[in-house]
Amino acid sequence: MVALLVAALAAGPLLVGPVVRAFAAVFAPMLGQPAKLAALNADRNPKRTAATAAALTIGLAVVSLVTTMTAGIEAGQSRGVDQQLTADFTITSAVSNRPLPDNLAATLATVPGVEATARRVSFSGDLGSYGGYGLSAVQGDALGKVLRPVVLSGKLDRLGAGEIAVSKQLATETGLKVGDTVPAKVPLHVVAVYDSVNAPGADLGLALVDLAQQPAITPEGAASYDESVLVKLASTADVNRVRPQIERALSGDPLAQLNSIADIKAQLSEPLQGTLDLLWALTALAVLIAFAGIANTLSLSVLERTRESALLRALGLTRGGLGATVMTESVFVALLGAVCGLGVGIVSAWLLTRVASTDAEPVLFTLPWDRLGVLIGAAVLAAPLAALIPARRATKESLSAAMTEQ
């Protein structure tokens with residue numbers, strides 16, 4: 001990624017000519033002669049033009065990278081939830097250490113349209129010589145019905161007494177593998193190594209045991225710290241009709257929170273959106289600095305081309321046409337920086353998706369066209385504003401005075 005950014009900045013002067021000529025061909029039908037003059041002016045000093053666009057390139061490379069990665073993580077989390085959480089609803093407690101009623105799963109199972117329910121408990125478990133870890137317990141027959149973690153080795157269609165499934169992280173830390181025995185208070189046979197998405201109400205922790213096995217491996221005095229009930233509806237059930245009935249069944253416990261799969265996806269993406277909003281705010285400052293650089297460069301160019309501008313006006317170019325030329329040149333420089341920045345950011349995001357993706361939580365290469373379009377649109381709209389002062393300076397100059405400039 002660093003090499004790609006350095007290469008883009010180093011190749012900037014070589015890209016200026018072909019890129020601005022392409023822009024001129026696109027804008028000429030709308031703007032006419034000012035577009036062609038703007039391309040000639042931008043290509044007159046490629047090194048200065050590329051250096052001016054470099055600040056915008058760096059700023060937009062960062063924000064497009066993070067924006068594309070955020071979209072990929074959101075899409076991957078959504079796919080992971082859909083594939084691994086086959087339940088339609090989760091019920092969690094609003095207070096983490098406040099347990100749900102013991103009979104809640106049985107109560108919800110009687111709601112018309114509900115096919116299956118299952119309890120899930122997160123607790124601190126004692127794995128003997130391996131130490132204490134955050135584990136999860138579910139009803140052994142819930143696997144495959146409401147939960148379907150990614151199995152890396154072994155088999156995990158159900159869990160029984162004396163069996164344990166360990167996460168990829170725990171297997172890496174401890175060296176446990178399928179067939180090993182964990183010397184807990186009750187010996188546990190490792191039947192699978194899994195990886196799973198960390199979704200609210202469906203977190204499987206570092207290892208997974210049958211719910212009936214939990215008391216035997218829970219240290220004395222320790223309590224569960226997270227609890228949920230997973231609810232799966234029948235294939236013929238109408239979600240919009242069943243949900244109000246489930247809410248009525250939960251009305252007796254004000255701490256019980258009902259979340260659909262869509263709610264869970266929104267909770268997973270919320271921290272990402274907060275980070276992205278902060279980065280966009282910081283990038284806005286970098287973009288303002290970049291446009292200040294464009295304004296300074298154009299001001300210098302206007303001073304250098306005083307006599308030339310006067311000659312063009314003498315040959316028939318109007319004040320409005322001269323101002324449009326300066327503004328169009330600003331747009332070309334901004335577009336050059338934006339296109340290079342988006343290219344670096346998008347390719348860097350593609351590289352990151354190759355190394356950051358896992359089976360349980362894939363990172364998909366997804367282009368957020370709407371957000372990237374906003375970046376391009378902002379560059380096109382802000383560029384004329386940056387050129388207002390240089391354009392005004394170019395057009396207010398007296399023709400006779402300008403012709404005598406040395």
Side-chain angles (χ1 to χ4, degrees), residues 4-5 7-61 63-64 283 286-302 304-305 308-309 312 317-347 367 369-392 394-395:
L4 179 64
L5 178 59
L9 296 177
L14 301 178
L15 297 174
V16 169
V19 171
V20 297
R21 285 194 291 272
F23 290 156
V26 173
F27 283 84
M30 295 178 289
L31 301 177
Q33 199 63 32
K36 299 177 182 179
L37 291 174
L40 291 173
N41 290 335
D43 192 26
R44 181 174 302 183
N45 193 332
K47 289 185 178 180
R48 186 164 67 187
T49 300
T52 303
L56 194 58
T57 295
I58 295 172
L60 293 191
V63 73
S64 60
T283 303
V287 170
L288 287 176
I289 295 172
F291 280 113
I294 293 176
N296 289 334
T297 299
L298 289 177
S299 296
L300 180 61
S301 298
V302 166
E304 293 175 346
R305 298 196 297 259
E308 179 184 323
S309 297
L312 289 172
L317 185 65
T318 64
R319 288 179 183 270
L322 181 58
T325 298
V326 176
M327 289 189 174
T328 304
E329 183 181 355
S330 176
V331 171
F332 286 175
V333 174
L335 280 176
L336 173 65
V339 169
C340 290
L342 289 180
V344 171
I346 290 172
V347 174
L367 291 178
W369 293 109
D370 53 343
R371 299 172 187 172
L372 297 179
V374 168
L375 293 176
I376 292 290
V380 173
L381 293 176
L385 298 178
L388 279 177
I389 294 178
R392 184 173 179 274
T395 56

*Considering non-hydrogen atoms only, spot the tightest contact between Pro13 and Ala10 and give its length.*
CD-O, 3.4 Å
*Specify the closest pair of heavy atoms between Gly345 and Ser64, including all atoms of both residues, with the distance to one decimal.*
CA-OG, 3.3 Å
*For the residue pair Leu342 and Leu372, establish whether any side-chain heavy-atom pair is separated by less than 4.5 Å.*
yes
_Could you measure the distance from the OG1 atom of Thr328 to the CZ atom of Phe27? Nearest 0.5 Å is fine._
8.0 Å
*Please lay out, stage by stage, how Leu9 and Ile58 fare under the test side-chain contact (heavy atoms from CB on, under 4.5 Å).*
CA-CA 9 Å; Leu9 296 177; Ile58 295 172; 4.2 Å; yes
*State which residue, out of Leu15, Val16, Val20, fulfils the side chain to side chain contact (heavy atoms under 4.5 Å, CB included) condition with Pro46.*
Val16
*Do the non-hydrogen side-chain atoms of Phe332 and Glu329 ever get within less than 4.5 Å of each other?*
no
*asked:* Less than 4.5 Å apart, side chain to side chain, heavy atoms only: is that true for Leu336 and Thr52?
replied: no
*Could you walk me through whether Leu375 and Val63 pass the side-chain contact (heavy atoms from CB on, under 4.5 Å) test, one step at a time?*
CA-CA 9 Å; Leu375 293 176; Val63 73; 3.8 Å; yes
*Is there a donor-acceptor pair under 3.5 Å between the side chain of Thr57 and the backbone N or O of Cys340?*
no
*So, does Ser330 use its side chain to make a donor-acceptor pair with the main chain of Ala383 at under 3.5 Å?*
yes
_Over all atoms of both residues, closest heavy-atom pair of Ala379 and Phe291_ = O-CZ, 3.8 Å
_Please report the interatomic distance OG1(Thr325) to CG(Leu37), rounded to the nearest 0.5 Å._
4.5 Å
_Restricting to non-hydrogen atoms, name the atom on Leu381 and the atom on Leu385 that form the minimum distance, rounded to 0.1 Å._
O-CG, 3.9 Å
*asked:* In the structure I gave you, are the side-chain heavy atoms of Thr49 and Asp43 within less than 4.5 Å of one another anywhere?
replied: no
*If every non-hydrogen atom of Val344 is compared with every non-hydrogen atom of Leu4, which pair is closest and at what distance?*
O-CD2, 3.8 Å
*If you take all heavy atoms of Leu56 and Ala334, which pair is closest and at what distance?*
CD2-O, 3.2 Å
